[in-house]
Amino acid sequence: MKSLWRAQEEKLEAGPADPALKKVHWDVIVIGAGMAGILIAYQLKEQGRRVLVLEADTIASGQTERTTAKITSQHGCKYSSLIKKVGKEKARLYAQANEAAIKEYERLIKKYKIDCQFERVTAYLYSRKEEEKLRNEIRAAKEVGIDAFFTKETQLPFPVVGAAGFRHQAQFSPLIFLQYIAAQLEVLEHTKVIGIKDHKVMTNASVFSADKIVVAAHYPFLNIPGFYFLRQHQERSYVLALSGCERIQGMYYGIDEDGLSFRQAGEHLLLGGSGHRTGIHHGKCAYENLWQEARKYYPECREAYRWSAQDCMPHDGIPFIGRYSYFTPDLYVATGFQKWGMTSSMVAAMILRDEICEREHPYKKVFSPQRMNVRASIGNLLCDVGMSIEGLIKGIVPQGPGRCAHLGCGLTWNPDENSWDCPCHGSRYDENGRLLDNPSKRNLKNMKVDKKEEL
Ligand SMILES: Cc1cc2nc3c(=O)[nH]c(=O)nc-3n(C[C@H](O)[C@H](O)[C@H](O)COP(=O)(O)OP(=O)(O)OC[C@H]3O[C@@H](n4cnc5c(N)ncnc54)[C@H](O)[C@@H]3O)c2cc1C
């Protein structure tokens, strides 16, 4: 379903492909033209590198067109969790990196005078029951240098026990922004990468070559090396754009189990929630639940748009930005944005710019894919391994549902979106087996799935 952003910016596409692009040996090829790929390519181009972006579909047609586009270093109760898991120093660098990303957006938007409704606002975490958790997060945020405060005053349509505010965060209209930035780049759309070997990139059209290659395809599609399929899973969330609601100032994110996300986008109020692991459904209820909440708090509201998206959730709660693996010195990756891919994409762009230009970067170590945060990862790792074993068994049983073309896990029917979803790694297919979301790279061949059985 079309998002509000796509409705605002229908024409976001690259110009006609220049056939000469294929003949060139590039300094850098970036795979994927979502927020991450475009920003990485732009930062490298600003440094004088010759960069080509290869995109399987069209610019921003992946998760980026279905974001809620809050640009913030407030990523849930991140800092109390990070301090506990990886220590205060790494948590401080994580905070600084994300704050720097907000400033970098502002710099670009000012530089090109982009009219993308960028505005600095306060971001709030709120709870209806857990004041202490909010106060802990404020303490942790202050420890890592964030301008955080506690308040009981919010513009939410229901009472809360409190909210943790971070000042000077931002929101914008992402596709209008991307249109300006992408217009300065060489982007080849409808060019799907099917393999990478040394400095060669094989696509459905032809073979390209570059000194350095960056995989910014949301979920890295090369299983080995890297093993990202063992290090993260995907989670979906749903969004309604409502008209006829009272306007709210600030961006809100609920930390309770059934917490909702709110932000104003022009005339529309964006209401998000109903999150779940991709492939694990509880009947046809994700949009319905959101709509009921909307009607409860804004009886006069109307639904203007609805959409959903998913993101990669790394085990230790930190994105993977840097070298793809120990064994691939010229291959890089940016993934694991945990539904905070606006700042994370910019952090990736700044780190990879410096890494590829052989400069030191202060935040590089925290995000390095080669890090070993064993204690922080072990719980989620075991849970994911369990899910994968269960998924694989379901894929093997002959009467079971269809198998994912990625690693053979059993698919489940998603009644909210009429799709077949993989609970192991989050690949998705439409009812006819056409690929919707990676890491799988291909359509389902022989769909032997009985939807009624699943329902
Ligand atoms: C409901 C929801 C709300 C969100 N709201 C926010 C928010 O408010 N703030 C925030 O910071 N983050 C938010 N996020 C997260 C954010 O939207 C994502 O992290 C971000 O958009 C991911 O960008 P990306 O470039 O990594 O991926 P994508 O936008 O998916 O881009 C990847 C691109 O790679 C292409 N591709 C894939 N495979 C290949 C291939 N083999 N060859 C060539 N191209 C390929 C795809 O077609 C796609 O265009 C939200 C996420 C969800 C689920």
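Computed from a prediction, not measured in an experiment: that's the story for all the values here. All ligand and atom numbering here is 1-based and tracks the order in the structure.
- Of all atoms in ligand 1, numbered sequentially from 1 with element shown, those under 4.0 Å from a heavy atom of Leu54 are 43 (C), 44 (N).
- Evaluated for a side chain to side chain donor-acceptor pair (under 3.5 Å) with Gln169, the options Glu99, Arg120, Glu119 yield exactly one hit, Glu99.
- Backbone and side-chain nitrogen or oxygen atoms of Phe221 are examined, and none is located within less than 3.5 angstrom of a nitrogen or oxygen of ligand 1.
- Salt bridge absent: Arg50 and Glu186 never bring a charged side-chain N and a carboxylate O closer than 4.0 Å.
- Side chains of Val187 and Ile38 form a contact here, defined as non-hydrogen atoms less than 4.5 Å apart.
- With a 4.0 Å heavy-atom cut-off, ligand 1 is reached by the backbone of Thr191 but not by any atom from C-beta on.
- In this structure, atom 8 (O) of ligand 1 lies nearest to the protein heavy atom Thr68 OG1, 2.7 Å.
- Looking at heavy atoms from C-beta onward, Trp291 lies in side-chain contact with Glu303 at the 4.5 angstrom threshold.
- Ranking protein heavy atoms by distance to atom 44 (N) of ligand 1, first place goes to Ala56 N, 3.0 Å.
- For ligand 1, the atoms closer than 4.0 angstrom to any heavy atom of Gln63 are 21 (O), 28 (P), 29 (O), 30 (O).
- In this structure, of Ala123, Ala217, Ser237, the residue bringing a heavy atom nearest to atom 39 (C) of ligand 1 is Ala217.
- Salt bridge absent: Glu106 and Lys103 never bring a charged side-chain N and a carboxylate O closer than 4.0 Å.
- Near Ala36, meaning under 4.0 Å from one of its heavy atoms, ligand 1 places the atoms 25 (O), 26 (O).
- Test Met251, Arg247, Gln249 against Gln264 for side-chain contact (heavy atoms from CB on, under 4.5 Å) and you get one pass: Arg247.
- Which of Met35, Arg263, Glu55, His218 comes nearest to atom 46 (C) of ligand 1 through a heavy atom is settled by distance: it is Glu55.
- Among all non-hydrogen protein atoms, the one lying nearest atom 52 (C) of ligand 1 is Ala309 CB, 3.9 Å.
- A salt bridge is absent between Glu55 and Lys192; no separation between the charged side-chain nitrogens and carboxylate oxygens falls under 4.0 Å.
- In terms of protein heavy atoms, atom 34 (O) of ligand 1 is closest to Gly32 CA, 3.2 Å.
- Here the protein heavy atom with the shortest distance to atom 11 (O) of ligand 1 is Met342 N, 2.7 Å.
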